[in-house]
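All figures in this text were calculated on a predicted structure; none of them were measured in a lab. One is the number of the first residue; the rest follow in order along the sequence. Values reported hereafter were calculated over all heavy atoms of this structure, with side chains retained and with hydrogens, waters and symmetry mates removed. Just so you know, ligand 1 is whichever comes first in the structure, and atom 1 is the first atom listed for that ligand.
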Amino acid sequence: MTHQFDTLAIHAGTAPDPATGARQVPIYQTTAYVFRDADHAAKLFNLQEVGYIYSRLTNPTISALANRVCALEGGAGAICCSSGHAAQIMALFPLMAPGRNVVASTRLYGGTIQQFSNTIRKFGWSAKFVDFDDPKAIEAAIDGDTRAIFCETICNPGGAISDLDAIARVADMAGLPLIVDNTTATPYLCRPIEHGATLVVHSATKYLTGNGTVTGGIVVDSGKFNWSASDKFPSLSAPEPAYHGMVFHPTLGGMAFTFHSIAIGLRDLGMTMNPQGAHYTLMGIETLSLRMQRHVENAKMVAEWLEKDPRVEKVTYPGLASNPYHALARKITPNGAGALFTVAVKGGYEACVKLVDSVKLFSHVANLGDTRSLIIHPASTTHRQLSEDAQVAAGAAANVIRLSIGIEDVRDIIADLDQALTAATQ
Ligand SMILES: *Cc1c(COP(=O)(O)O)cnc(C)c1O
């Protein structure tokens, strides 16, 4: 029997512990697992039987989390990683090779732009950044070496919404997988696989855990992509030398990507989540729906209040009727347009710096998706290294602050912004 989303958030991927009957998922703080006998061990190593070998690969607490997020996203399989950034590398790893590229949106989390611009070049991979509001631009950027298309559902920091259906059509036509970073939306607001995504990546650090306690990442595979339709994905469709010549697809069908990611990705890259972190994220997900409802409710009220304020130049929240992404938000994120947006403050850089120094309830931190309301001035922090033009292009001009609206009483959130705006613009 399949359950509704709110039920899956509490029950999916977990059953009472078979060893003790423990109702909550135990933290299996163990590195290794005893084999029943030599034959059992051989079968596990041959992927003929599913079981636990060593916690760099799989662990019962971490598997429970992978299965839960997989159920919430409507995927076929999932793996957990040590961080959102690790999840991005793990998503690309089976698809890419030296000389290959990923076509990515210009509106990505700053850390991802950095990872894709410079660090992946060390692997011989590269990224081509284009405006994902324009499907023709994506199409034009795809070449014979492209192996993936990458975007975010709700883009950080400006809250732009990606038209996943249109982007998936372009990927489909080119025979390429679409990878969607769904961190800022969560599966409560959007399930990218229903819009044509092949892989969904998460920073579990943010809303999934929800309270700023964990660094973690997750990759969910839809299981729908035909890796054998072309010769572009030999790690999955041809004998894999890294696993004694095993052919993952079509042998393992919709689980090919997931098994490759465990058997080779986690085994050799070692970007593994820890069981304690997985436990916190499982606990967080139990209240995901309730939190996201309050996050979007509060964000809408704060954005509406800010939009009318004479000390404010502009608010980018796609939940506002005045926002250019409003119609798209209703289609892609029907349960709400997230809780992350930017505000352009009159008085420029000076006023913004004063604003972040004057808030009392908001925390001035480089994070988002916490129960607490968070604030940051990108131009003096996360986007500091960029040129002025690049800051403007990223939606992080000198007069812009980013808000991640928490689930406190909205009257207190607004009162804090009110007093800080007064201090900043006097
Ligand atoms: C934070 C974040 C990441 C990176 O995740 P970490 O867990 O910090 O590695 C990736 N994408 C988005 C949209 C994020 O907000």
Measure across R402 and P157 and return the closest heavy-atom pair with its distance rounded to 0.1 Å.
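Shortest heavy-atom contact: CD-CB, 3.6 Å.
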For Y317 and F341, take the angle between the two ring planes, folded into 0 to 90°, and tell me which bin it lands in: parallel under 30, tilted 30 to 60, perpendicular over 60.
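It falls in the tilted class, 30° to 60°.
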Do the side chain of R68 and the main chain of A9 share a donor and acceptor less than 3.5 angstrom apart?
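Yes, R68 side chain to A9 backbone: donor-acceptor pair under 3.5 Å.
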Write out each pair where an N or O from ligand 1 and one from the protein are under 3.5 Å apart, with the distance.
from	atom 1	to	atom 2	distance (Å)
ligand 1	5 (O)	S203	OG	3.0
ligand 1	7 (O)	G84	N	2.9
ligand 1	7 (O)	S203	OG	2.8
ligand 1	7 (O)	T205	OG1	2.6
ligand 1	9 (O)	G84	N	3.1
ligand 1	9 (O)	H85	N	2.9
ligand 1	11 (N)	D181	OD2	2.7
ligand 1	15 (O)	K206	NZ	2.7

Residues 259-268 side chain polar contacts: donor-acceptor under 3.5 Å, at least two apart:
from	atom 1	to	atom 2	distance (Å)
H260	NE2	E240	OE2	2.8
S261	OG	F257	O	2.9
R267	NE	A263	O	3.3
R267	NH1	A242	O	3.2
R267	NH2	A242	O	2.8

Centroid-centroid distance, F116 to F150, less than 6.0 Å:
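For F116 and F150, the ring centres are under 6.0 Å apart.
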Give a yes/no verdict on a cation-pi contact between K232 and F225, requiring under 6.0 Å between NZ or CZ and the six-membered ring centre and an angle within 45° of the axis.
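That pair does not qualify as a cation-pi contact.
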